Colleague: 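I'd like to ask you about the structure that follows.
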Amino acid sequence: MSALLSLKDLRIGFTSDGRVTHAVKGVSFDIQAGETLGLVGESGSGKSVSALSILKLLPYPAAFHAGGEIHFDGQDLLSLSEEALRGVRGARISMIFQEPMSSLNPLHSIEKQITEILELHQGLARTAARAEALRLLQRVGIADAQSRLGALPHELSGGQRQRVMIAMALANRPQLLIADEPTTALDVTIQKQILDLLKDLQQETGMAILLITHDLGIVKKMADRICVMQEGEIVEAGESAAIFQNPQHDYTKKLIAAEPSGSPAPSAAKDELVRAEHLRVWFPMKRGFLQRTYAHVKAVNDISFTIKRGETLGVVGESGSGKTTLGRALLGLQKATGQAFLGDTDILATDRMTRRGLRKNMQIVFQDPYGALSPRMAVGEIIAEGLKLHRPELSPAEIAKRVRDILVEVELDPDTAARYPHEFSGGQRQRIAIARALILEPEFLVLDEPTSALDRSVQAQIIDMLRRLQKQKGLTYLFISHDLKVVRALSHQVMVMQNGVCVESGTAAQIFDAPRETYTKNLLAAALDTSS
């Protein structure tokens, strides 16, 4: 039986500043109709580059195909004209991208972006396309989908944006779905829903799936076969069950064994560094010609907590529960009412100049690294920007040394400081964002999904690094994540949020070993299901 998709000896390189980098070195694999192939490996192994080449979405001419073939349903995709490829993209082959904020148009509503696909490929009238867009949003788990149709991407949480991307990819019932980290930004309950949805659609339509992920729990649950990539090559391939039960290659064994584990060192400090009292962020909902407010979205609703110096408060909850808004409000990055103290200073009561001076003591790592890094600045410049502002007494040589040192801390080659964000993988970009936050040596760090784009082995390294830095420097973290294994490995205290309120809080041991609330129990059960 001929394969639906076949890659033969694919070789891909990139040219930058006269240097040639070979990212994919002779990759071959087949996918049959209705089959799921898992493509796994660490960040930078060539997984996404291989997938993007299928639809010729690489940044040509910097990217080039040094050799190989890509055949889909009997067609040679690499030889197709741009016009012919447009008939394949989004209709016969769809793709869910890793970073939804950089893939969605920031100027167009969610409705427009979904209906455009339906109108273009299916010829639906506007009313029918709108109804289908609403159905798709409901199916991928968007709460109150009717009111979200008119929203712009920045008005949605990271997980909600990812669900919109999934709805767009599934709109035309493609023969092949390329899913590049499709559940990276999703909490465990929605992750389970999305994986179940993909399985259901696969059974309904016979759709094949190329699943690219660093989460081996998802691969084990979803994939029929697995290809393991390392440094641009496939080092092991076979049936999913066989590879998990008896991996042959040392690299595969390392990936399977990699798991965030352990717990943070107990903090000796007794004083509180961070305190929130009755923190509230309400977003007005308006309608009519005069745009009158008729209701509010209560993103954060009367939240109070404390964090002791040198400890970590982990914040968990479903996408849209208010986790990120809480973190931004705490730093004064989001208009809020109530009080938010860093030491003895109420951040929300300070003027703009005072708050600016506090920035060196409190930093944030955002969920979407690509959207948070300037594409026009080299990595070294991005990391050094805060130093130049807050430490003007440092010489260029001292700044350069600190940049190199922090790149080493986050497991990046210091010689890459002259490169630009687009030249890095998603996981590498997240490490750059962490380096930018850490270089100022802040007292308090808000970590908003800092490991969501990282493969398991690098996640474990980053968690170990954060724990080490916390112990050495007495750092205090607010750690926001949907990955409960990572939360447990880093957090002293845990707060569970739902619909803008705290439903349960306590020590990490209390929350994970003896949860009281049904919602918390459901979160833990979903996490166990997707990792099994």
Side-chain angles (χ1 to χ4, degrees), residues 7-14 21-31 35-54 66 68 98 178-184 209-262 408 410-413 416 423-431 451-465 483 485-486 489 530-532:
L7 274 66
K8 296 180 180 178
D9 196 31
L10 184 66
R11 299 174 185 273
I12 303 168
F14 290 85
T21 302
H22 296 284
V24 176
K25 308 166 188 175
V27 164
S28 300
F29 61 77
D30 294 336
I31 304 178
E35 180 185 38
T36 298
L37 176 71
L39 194 58
V40 302
E42 293 179 304
S43 298
S45 61
K47 308 185 301 295
S48 294
V49 171
S50 299
L52 288 167
S53 68
I54 294 170
Q98 183 174 353
I178 302 172
D180 188 359
E181 303 284 3
T183 59
T184 289
I209 299 176
L210 174 58
L211 177 64
I212 302 164
T213 182
H214 62 257
D215 192 328
L216 293 181
I218 292 175
V219 174
K220 189 176 182 180
K221 182 181 177 69
M222 293 287 292
D224 301 300
R225 291 187 299 114
I226 297 173
C227 290
V228 182
M229 284 193 73
Q230 181 185 30
E231 296 180 354
E233 299 178 294
I234 292 178
V235 297
E236 186 167 357
E239 298 293 324
S240 176
I243 284 183
F244 276 99
Q245 289 170 8
N246 188 26
Q248 299 299 306
H249 198 277
D250 288 343
Y251 180 69
T252 310
K253 295 175 184 176
K254 173 191 165 186
L255 288 180
I256 292 173
E259 196 76 49
S261 60
V408 171
V410 297
E411 308 289 341
L412 288 174
D413 183 351
T416 61
E423 299 179 72
F424 294 84
S425 70
Q428 290 169 326
R429 285 195 288 262
Q430 190 63 288
R431 279 176 270 175
T451 61
S452 64
L454 305 181
D455 51 80
R456 280 298 188 189
S457 59
V458 178
Q459 275 187 1
Q461 294 168 19
I462 293 296
I463 293 303
D464 287 342
M465 180 192 74
D483 190 326
K485 290 183 179 178
V486 173
T530 54
S531 64
S532 61

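The figures here come from the full heavy-atom set of this structure, side chains too, leaving out hydrogens, waters and symmetry mates. Not measured: the values here are computed from a predicted model.
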Colleague: Say whether, by atom type as modelled, one donor and one acceptor occur between the side chain of D224 and the main chain of T36 under 3.5 angstrom.
Modeller: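 Flag set: sc D224 to bb T36 pair under 3.5 Å.
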Colleague: Taking all non-hydrogen atoms of both residues into account, name the closest pair between V410 and R431 and its distance.
Modeller: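 Closest pair (atom of V410, atom of R431, distance): O-CD, 3.0 Å.
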Colleague: Would you name the heavy atoms of M229 and Y251 that are closest together and state the gap between them?
Modeller: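 M229 and Y251 have their closest heavy atoms at O-CE2, 3.2 Å.
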Colleague: Between atom CG of L412 and atom CZ of F424, what is the distance when rounded to the nearest 0.5 Å?
Modeller: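 That separation rounds to 6.5 Å.
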Colleague: Check whether any side-chain heavy atom of E411 sits under 4.5 Å from a side-chain heavy atom of M465, and report yes or no.
Modeller: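 When only atoms from C-beta onward are counted, M465 and E411 do not touch, as no gap falls below 4.5 Å.
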Colleague: Distance from K253 atom NZ to N246 atom CG, nearest 0.5 Å?
Modeller: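 K253 NZ to N246 CG: 7.5 Å, rounded to 0.5 Å.
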Colleague: Show the nearest heavy-atom pair for residues A51 and L210, with the distance to one decimal.
Modeller: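 Looking at all heavy atoms of both residues, the shortest contact is CB-CD2, 4.3 Å.
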Colleague: Could you report the tightest heavy-atom contact between V27 and V24, atom names first, then the distance?
Modeller: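 Reported closest heavy-atom pair: CG2-CG1, 3.5 Å.
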Colleague: Is there any salt bridge (Lys or Arg N to Asp or Glu O under 4.0 Å) pair reaching into residues 40-50, and which pairs are they, with sequence neighbours excluded?
Modeller: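 As it turns out, the salt bridge (Lys or Arg N to Asp or Glu O under 4.0 Å) pairs with a partner in residues 40-50, which skip direct neighbours, are E42-K254.
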Colleague: For the CD1 atom of I12 and the OG1 atom of T21, what is their distance to the nearest 0.5 Å?
Modeller: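 Taking CD1 in I12 and OG1 in T21, the distance rounds to 13.0 Å.
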Colleague: Heavy atoms, side chains only, cut-off 4.5 Å: are L52 and D180 in contact?
Modeller: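 A side-chain contact under 4.5 Å is absent here.
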Colleague: Are R225 and E35 within salt-bridge range, i.e. N to O under 4.0 Å?
Modeller: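 A salt bridge is present here (some side-chain N lies under 4.0 Å from a carboxylate O).
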Colleague: Please name the pair of heavy atoms, one in A23 and one in F14, separated by the smallest distance, quoted to 0.1 Å.
Modeller: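 For A23 and F14, the tightest heavy-atom pair comes out as CB-CE1, 3.7 Å.
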Colleague: Looking only at heavy atoms, what is the nearest atom pair of A223 and S240, with distance?
Modeller: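 Looking at all heavy atoms of both residues, the closest pair is O-CB, 3.2 Å.
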Colleague: Who pairs with D464 by side chain to side chain contact (heavy atoms under 4.5 Å, CB included), at least two apart in sequence or on another chain?
Modeller: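 Partners of D464 by the side chain to side chain contact (heavy atoms under 4.5 Å, CB included) criterion, ordered by chain and then number, come out as R467.
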Colleague: Is a donor on one side and an acceptor on the other found under 3.5 Å between the side chain of E236 and the backbone of P247?
Modeller: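 Looks like no, no N/O pair under 3.5 Å.
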Colleague: Hey, what do you get for CD1 (I178) to CD1 (I54), rounding to the nearest 0.5 Å?
Modeller: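 Separation between the atoms: 4.0 Å.
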Colleague: Would you mind telling me which of I226, I218, L39 makes a side-chain contact (heavy atoms from CB on, under 4.5 Å) with L211?
Modeller: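 Filter result, single survivor: I218.
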Colleague: Within a strict 4.5 Å, meaning less than it, do heavy atoms of the L10 and S53 side chains meet?
Modeller: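 Contact flag for L10/S53 side chains = yes.
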Colleague: CD1 of I31 to CG of L7: how many Å apart, nearest 0.5 Å?
Modeller: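 Reported value, rounded in 0.5 Å steps: 8.0 Å.
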Colleague: Pick from V219, L255, I234: which one makes a side-chain contact (heavy atoms from CB on, under 4.5 Å) with V228?
Modeller: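 Answer to the side-chain contact (heavy atoms from CB on, under 4.5 Å) test with V228 among V219, L255, I234: L255.
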